[in-house]
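Beneath this line is the structure, given in structure tokens, with notes to follow.
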Amino acid sequence: MSSHTVVSINSINWARIMVQASYYFWAALQLQPSADSNVSFVVPTGAFGNAMGGYLAKRMGLHIGCIVCATNANDVVHRAISTGQIAAGINVETVSPAMDIQARAQE
């Protein structure tokens, strides 16, 4: 594994993602009587597990319009998607600790 520079990020556990998917079903069902179309969600994302739960719920048939992933100065997921690389960064303390995540590859 070390020759491939593999890293693990939070929420990689499928059981946890399945539980997070259930939150989307619960929320959508709460809005169902008043929602006249698909429900969209804005998700604070640190390591992307919560948004993955929403994506899974959508793939399971839940009528989700879109999932917007919010980030802050600690934007490791945004940088990884934009550049294709996970690069170590300086962790900036903010008022949203769930998003204060930086990934560091094993050296």
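These values consider heavy atoms only, across backbone and side chains, with no hydrogens, waters or symmetry-generated copies.
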Check: S40 side chain, I67 main-chain N or O, donor-acceptor pair, under 3.5 Å: no
Establish whether W26 and Y55 are linked, either directly or via other cluster members, by ILVMFWY side-chain heavy-atom contacts under 4.5 Å. no
Side chains of Y24 and N50 only: does a donor on one sit below 3.5 Å from an acceptor on the other? yes
Among the clusters formed by ILVMFWY side chains lying less than 4.5 Å apart, do V19 and L56 turn up in the same one? no
Considering only heavy atoms from C-beta outward, does the side chain of H63 approach that of V39 to under 4.5 Å? no
In Å, rounded to the nearest 0.5 Å, how long is the span from CG of L29 to OG of S22? 11.0 Å
Answer yes or no: does atom CZ of F25 have more than 12 heavy-atom neighbours from other residues, nucleotides or ligands under 6.0 Å? yes
Minimum heavy-atom distance between A51 and V43, given as atom pair plus value: N-CG1, 4.0 Å
If two hydrophobic side chains count as joined below 4.5 Å and joins carry through other members, does V42 share a cluster with V95? no
Linking I/L/V/M/F/W/Y whenever any side-chain heavy atoms sit under 4.5 Å apart, do Y23 and M60 land together? no
Check whether any side-chain heavy atom of I64 lies under 4.5 Å from a side-chain heavy atom of N38, and answer yes or no. no
Verify, without hydrogens or angle tests, whether K58 (side chain) and G53 (backbone) share a donor-acceptor contact under 3.5 angstrom. no
Any side-chain heavy-atom pair from V68 and F41 closer than 4.5 angstrom? no
